[in-house]
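Letters A, B, ... mirror the listed sequences (proteins, then strands); counts begin at 1.
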2 protein chains.
Amino acid sequence: MATREKSGCPINLSLELVGDRWTLLIIRDLVFAGKRHFREFLQSDEGISSRTLAERLQTLQDEGILTRSDDPTHGLKTVYRLTEAGIDLLPVLATLGAWGSKHRKADERLARIAEELAAGGEAALERTKTTLRAEHIV
Amino acid sequence: MATREKSGCPINLSLELVGDRWTLLIIRDLVFAGKRHFREFLQSDEGISSRTLAERLQTLQDEGILTRSDDPTHGLKTVYRLTEAGIDLLPVLATLGAWGSKHRKADERLARIAEELAAGGEAALERTKTTLRAEHIV
DNA sequence: CCGCATCCCTATAGATACTG
DNA sequence: CAGTATCTATAGGGATGCGG
């Protein structure tokens, strides 16, 4: 990515990083599907290519949204985790999910989950965030 | 756009429509800058091209996010307005703006506005929505 | 097996100029 | 004024390769 900033508008700055077809899907998989490894991200229903995935993981790391580390139990594997800045994207995912549930033909089961998270407001978001943070300490 | 659906995930369905560099900037200009005409969108700081703008306005209309109509006071002009589905994207803009304010180097003044809207919660969002709806009746 | 890097090729984005 | 035509640049899919 690394496009030069086109304006200081907060919405624009956010979109310069996450405003594409794939970035928020990767973060969704980190948050809701508990994915941590390269191969797992490759296997999402939407089918990201390995080339695009590698590039996005790199820039997300460069921009402080996630961290890369070695899997202690399995030398070959690399573990990706969200930083605080990444976890803070949860409200964006929640509002996007709520909108999709309401205005697009979403899968019934997933739609209900999205609506519940959105309806739960701040409290529900905080609970999810706490769960995500716990993993870093472990 | 019109890419065939890659999954029924609500977040994915949202991203298939608004997950790109420009769509949410157009909606931002409709919501916060009160823009209504083709030329006005062209003049945003980020500099969208006329071709891309025309295409996005078309698909947004096709997907029921905005409406196109003639300006009664000025025969040549076309007026773009958000539908209810479009207005419902406001929480997405709000969370994106809040994230950008907190985690990117955003313009001071705009950052404060974004933070206030986010901090205001549901009530602040509802007030903005009401203002937007009023325009349709007029 | 793992996380990528590289290559090739096509689809789409975008700049610029122009039209009804 | 709201868009198109045309041309070029880039993003991205898919196959394959490669060091650890």
Side-chain angles (χ1 to χ4, degrees), chain A residues 1-7 12 15-26 29-30 35-63 65-81, chain B residues 1-7 12 15-27 29-30 33-63 65-82:
Chain A
M1 209 151 289
T3 317
R4 204 60 250 126
E5 288 176 19
K6 297 207 176 198
S7 87
N12 174 60
L15 290 174
E16 286 187 357
L17 184 60
V18 304
D20 70 278
R21 186 78 181 70
W22 296 111
T23 300
L24 287 174
L25 290 179
I26 295 172
D29 285 349
L30 277 159
K35 296 187 182 177
R36 298 292 178 267
H37 306 294
F38 196 92
R39 290 287 147 161
E40 295 180 295
F41 296 116
L42 274 186
Q43 280 145 22
S44 69
D45 283 348
E46 294 86 13
I48 189 172
S49 77
S50 68
R51 174 185 145 80
T52 305
L53 176 59
E55 182 203 289
R56 291 303 139 87
L57 288 172
Q58 181 63 55
T59 66
L60 286 175
Q61 186 188 242
D62 293 346
E63 300 294 334
I65 311 304
L66 50 78
T67 61
R68 197 187 312 242
S69 57
D70 291 338
D71 188 327
T73 70
H74 202 286
L76 288 174
K77 288 198 176 181
T78 301
V79 182
Y80 295 94
R81 287 196 200 85
Chain B
M1 208 149 295
T3 316
R4 205 60 249 128
E5 287 175 20
K6 296 208 176 197
S7 87
N12 175 60
L15 289 174
E16 287 187 356
L17 184 60
V18 304
D20 70 277
R21 185 77 181 73
W22 295 111
T23 300
L24 287 174
L25 291 179
I26 294 171
I27 295 172
D29 285 348
L30 277 159
K35 297 186 182 179
R36 297 292 178 269
H37 307 293
F38 196 92
R39 285 289 142 160
E40 296 179 295
F41 296 116
L42 274 186
Q43 280 146 22
S44 70
D45 283 349
E46 294 86 12
I48 190 174
S49 79
S50 65
R51 176 185 144 82
T52 305
L53 176 60
E55 183 203 287
R56 292 304 139 87
L57 289 173
Q58 181 64 56
T59 67
L60 286 174
Q61 186 187 245
D62 293 346
E63 300 294 333
I65 311 303
L66 50 78
T67 60
R68 198 187 311 244
S69 58
D70 292 338
D71 189 325
T73 70
H74 203 283
L76 287 173
K77 288 197 175 181
T78 301
V79 182
Y80 295 95
R81 289 198 199 84
L82 289 173

Checklist entry - Just how far, in rounded Å, is C1' of C:dA13 from CG of B:L57? => result 16 Å
Item to check | Nucleotide C:dC2, atom P - distance to CZ of A:R36 in whole Å | outcome: 17 Å
Next on the checklist: Nearest whole Å is fine: how far is C:dT6 C1' from A:E55 CD?
Outcome noted: 14 Å
Checklist entry - Between A:Q58 and B:I48, which has a closest nucleotide on DNA chain C that is more 5'? => result A:Q58
Next on the checklist: OP1 or OP2 of C:dG14 versus the side-chain N and O atoms of B:S49: is any pair under 4.0 Å?
Outcome noted: no
Next on the checklist: Is A:R56 close enough to D:dG12 that one of its side-chain N or O atoms is under 4.0 Å from OP1 or OP2 there?
Outcome noted: yes
Item to check | Interatomic distance, B:L53 CG vs C:dA13 C1' [rounded to whole Å] | outcome: 14 Å
Item to check | Carboxylate-amine/guanidinium proximity below 4.0 Å for B:E16 and A:R21 | outcome: yes
Next on the checklist: Regarding B:D71 and B:K77, does a basic nitrogen lie under 4.0 Å from an acidic carboxylate oxygen?
Outcome noted: no
Checklist entry - With a 4.0 Å cut-off on heavy atoms, is A:S50 in touch with a base, just the backbone sugar-phosphate, or nothing at all? => result base
Checklist entry - For A:K6 and C:dA13, what is the distance between atoms NZ and P respectively, to the nearest whole Å? => result 14 Å
Checklist entry - Hey, does the side chain of A:D45 reach the backbone of B:S7 with a donor-acceptor pair shorter than 3.5 angstrom? => result no
Item to check | Side-chain N,O (B:W22) to OP1/OP2 (C:dT12) below 4.0 Å | outcome: no
Checklist entry - Atom CG of A:D20 to atom C1' of C:dG14: distance rounded to whole Å? => result 17 Å
Checklist entry - Within the structure, does a side-chain N or O atom of A:R51 lie under 4.0 Å from either OP1 or OP2 of D:dG14? => result no
Item to check | Modelled atom types, side-chain donor and acceptor of A:D20 and A:T23, under 3.5 Å | outcome: yes
Item to check | Contact under 4.0 Å: B:T52 side-chain N or O vs C:dG14 OP1/OP2 | outcome: yes
Item to check | Nucleotide D:dC1, atom P - distance to CG of B:D70 in whole Å | outcome: 15 Å
Next on the checklist: If I take atom CZ in residue B:R39 and atom C1' in nucleotide D:dT4, what distance separates them, rounded to the nearest angstrom?
Outcome noted: 13 Å
Checklist entry - In terms of side-chain heavy atoms, does B:Q61 have a donor or acceptor partner in B:R56 at a distance below 3.5 Å? => result no
Item to check | Under-4.0 Å side-chain N/O to phosphate OP1/OP2 contact, B:T78 with D:dA2 | outcome: no
